[in-house]
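Have a look at the structure below, then the notes.
Computed from a predicted structure; not experimentally measured. If you read the sequence from its start, that first residue is 1, and numbering goes on from there.
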Amino acid sequence: MQKDSAYLSDSGCYAEIICLFTSFGMMYGNFLSTKKLGCLGCWLGSQFKLICQRLSSFNVEQWINRVYKRSSYFLVVYTAAIFLLMGVFVAGTWGFWILPQLRVASEKTLTPKERIELENATRSSLAQSFGTLSQTVGGIVLVIGVYFTWRNLIATEDKQVTERFTKAIEQLGSEKPEVCMGGIYALERIASDSEKDHWSVMEVLCSFVRHRSSIDKNRGNQQTVSKEIQAALTVIKRRKISQDPKQKNLDLSFSYLKGANLGGEGFQSSILRKENFVRSNLREADFTGSNLELSDFTGSNLVGACFSKANLDAAEFTRANLSQADFTNASTIATKFTDTNLLQAKGLKPS
């Protein structure tokens with residue numbers, strides 16, 4: 001309510017200012033027309049009166065209401081522009097036509113020819129000064145216009161990204177696989193187009209994987225991860241890792257990722273506690289610095305996988321293929337390697 005009352009007060013104030021300035025403009029037009037300024041003065045006066053009459057003929061309140069609803073800041077700029085243009089017009093006509101006559105009138109000893117020459121010389125000098133001023137004002141107006149155009153463009157892009165983000169989130173909740181996957185790939189596009197939304201998208205996808213995989217596990221009818229979960233994992237894996245914020249980690253803890261394909265890079269320094277990676281394809285997966293405590297890799301393909309500096313405490317690698325895997329500086333307290341293929345594995349401390 002306070003906002004509405006402030007809006008009515010401000011818009012009414014601006015309307016009064018513009019109407020008052022319009023009345024002043026019409027008076028100035030009459031002044032130019034009635035003065036003995038020749039044809040040019042009469043033409044300037046009539047044109048100025050015509051502009052002011054047209055300005056006063058349309059609904060000022062309605063125009064202000066429409067502009068103010070967009071932004072009160074824009075209304076201030078528009079009003080200032082009107083004042084500036086009319087002020088420049090008044091100053092220009094006064095300086096170009098009246099000031100030379102006042103200067104000549106103060107010279108009592110000049111002949112008529114000298115008066116005309118002095119008047120023309122004064123007008124020429126004023127015209128050059130006015131031209132320089134006009135260029136300066138025009139440059140300032142151009143810069144301001146470019147600035148507001150840029151701001152409008154940024155605001156429009158942000159609004160579009162927000163709308164796309166909201167729609168993609170709604171698609172993630174769909175029970176239809178094709179709709180859900182459409183939302184996943186829409187989020188990937190947003191992360192690619194908007195760097196500032198990159199991490200938000202990754203956090204949403206991680207939350208989706210944790211939630212959806214737990215539902216699949218409770219239903220007991222999924223032998224491997226669903227297509228939707230695999231699509232989300234693939235998008236996470238191929239993200240631009242360079243855009244990940246420092247001190248932030250992917251959190252896929254307690255997810256049910258049986259049979260998932262996570263080979264290659266994309267999961268360094270991730271939180272993957274108590275994950276179910278049973279019979280998953282993790283060939284050459286990079287888990288450098290990740291927390292994999294209590295995770296189950298039973299029967300998984302981990303050829304060439306990197307666990308450097310990872311936490312593998314109490315992890316299960318029964319019957320997993322860990323040939324050529326790298327365990328440099330990894331923590332393997334109470335880690336189980338029953339019937340595991342450790343051919344050419346390096347960095348693994350003997351228990």
Exercise. Taking the side chain as every heavy atom from C-beta outward, state whether V201 and E188 have any pair of such atoms under 4.5 Å apart.
Key: no

Practice problem: Mark yes when over 12 heavy atoms from residues, nucleotides or ligands other than R189 sit less than 6.0 Å from its CZ; otherwise mark no. | Solution: no

Quiz item: Where the side chain of Q268 meets the backbone of G266, is there a donor-acceptor pair that is under 3.5 Å apart?
Solution: yes

Quiz item: Side-chain contact, heavy-atom cut-off 4.5 Å: S207 with R210?
Solution: yes

Practice problem: Check whether the side chains of Q230 and T234 place a donor and an acceptor atom closer than 3.5 Å, and report yes or no. | Solution: yes

Practice problem: Taking S213 for its side chain and V209 for its backbone only, find out whether a donor-acceptor pair lies under 3.5 Å. | Solution: yes

Exercise. Would you check if P177 and K227 make a side-chain contact, meaning some heavy-atom pair closer than 4.5 Å?
Key: no

Quiz item: If you look at every heavy atom in S290 and S270, which pair is closest and at what distance?
Solution: OG-N, 3.0 Å

Self-check item: From E293 atom CD to R273 atom CZ, the distance as rounded to the nearest 0.5 Å
Solution: 4.5 Å

Practice problem: Please lay out, stage by stage, how F327 and L312 fare under the test side chain to side chain contact (heavy atoms under 4.5 Å, CB included). | Solution: CA-CA 9 Å; F327 292 91; L312 298 172; 3.6 Å; yes

Quiz item: Does the distance from a Lys or Arg side-chain N to an Asp or Glu carboxylate O, for K248 and D244, drop under 4.0 Å?
Solution: no

Practice problem: Might you work through the side chain to side chain contact (heavy atoms under 4.5 Å, CB included) test for H211 and L172, ending with a clear yes or no? | Solution: CA-CA 11 Å; H211 177 70; L172 282 183; over 6 Å; no

Self-check item: CG-CG distance between N311 and L294, expressed to the nearest 0.5 angstrom
Solution: 8.5 Å

Quiz item: Would a hydrophobic clustering, with Ile, Leu, Val, Met, Phe, Trp and Tyr connected at side-chain separations under 4.5 Å, put F165 with I184?
Solution: yes

Quiz item: Which heavy-atom pair separates V225 from Y256 by the least distance, and what is that distance?
Solution: CG1-O, 3.6 Å

Quiz item: Just by modelled atom types, is the L302 backbone N or O under 3.5 Å from a matching donor or acceptor in the S300 side chain?
Solution: no

Self-check item: Single-linkage hydrophobic cluster M202~I169, side-chain heavy atoms < 4.5 angstrom
Solution: yes

Quiz item: What are the two closest heavy atoms between G259 and S280, and how far apart are they?
Solution: N-OG, 3.1 Å

Practice problem: Check whether L262 and I271 end up in the same hydrophobic cluster, where Ile, Leu, Val, Met, Phe, Trp and Tyr are linked by side-chain heavy atoms less than 4.5 Å apart. | Solution: no

Quiz item: Of the non-hydrogen atoms in G183 and Q171, which two are nearest, and what is the gap between them?
Solution: CA-OE1, 3.4 Å

Quiz item: Would a 4.5 Å heavy-atom cut-off, applied to side chains only, mark D193 and R164 as touching?
Solution: yes

Exercise. Count the heavy atoms belonging to other residues, nucleotides or ligands that lie under 6.0 Å from NZ of K237, then report whether that count exceeds 12.
Key: yes

Self-check item: Single-linkage hydrophobic cluster F277~F337, side-chain heavy atoms < 4.5 angstrom
Solution: yes

Practice problem: For the residue pair S269 and N249, confirm or rule out a side-chain donor-acceptor distance under 3.5 Å. | Solution: no

Quiz prompt | S323 side chain reached by Q344 side chain, heavy atoms, under 4.5 Å | solution = no

Quiz item: Can you say whether the rings of F287 and F267 are parallel (under 30°), tilted (30 to 60°) or perpendicular (over 60°)?
Solution: tilted

Quiz item: Is L348 reachable from F307 through a run of hydrophobic residues whose side-chain heavy atoms are each under 4.5 Å from the next?
Solution: yes

Quiz prompt | Distance (rounded to the nearest 0.5 Å) between S192 OG and Y185 OH | solution = 14.5 Å

Self-check item: D197 and its side chain to side chain contact (heavy atoms under 4.5 Å, CB included) partner, picked from V161, V204, L187
Solution: V161

Quiz prompt | Interatomic distance, N301 atom CG to L282 atom CG [nearest 0.5 angstrom] | solution = 7.5 Å

Quiz item: Ion pair present between K240 and E195, side-chain N to carboxylate O less than 4.0 angstrom?
Solution: no

Self-check item: Main-chain N/O of L272 paired to S295 side chain as donor or acceptor, under 3.5 Å
Solution: yes

Practice problem: Hey, can you tell me if F317 and F297 have their rings parallel, tilted or perpendicular (30° and 60° cut-offs)? | Solution: parallel

Quiz item: CG/L205 to CZ/R212 distance, rounded to the nearest 0.5 angstrom?
Solution: 12.0 Å

Exercise. Compare every heavy atom of A191 with every heavy atom of Q243, then report the nearest pair and how far apart it is.
Key: OE1-O, 4.0 Å

Self-check item: Minimum heavy-atom distance between M181 and A231, given as atom pair plus value
Solution: CE-CB, 3.9 Å

Self-check item: Nearest-0.5 Å distance that lies between atom CG in D326 and atom SG in C306
Solution: 4.5 Å

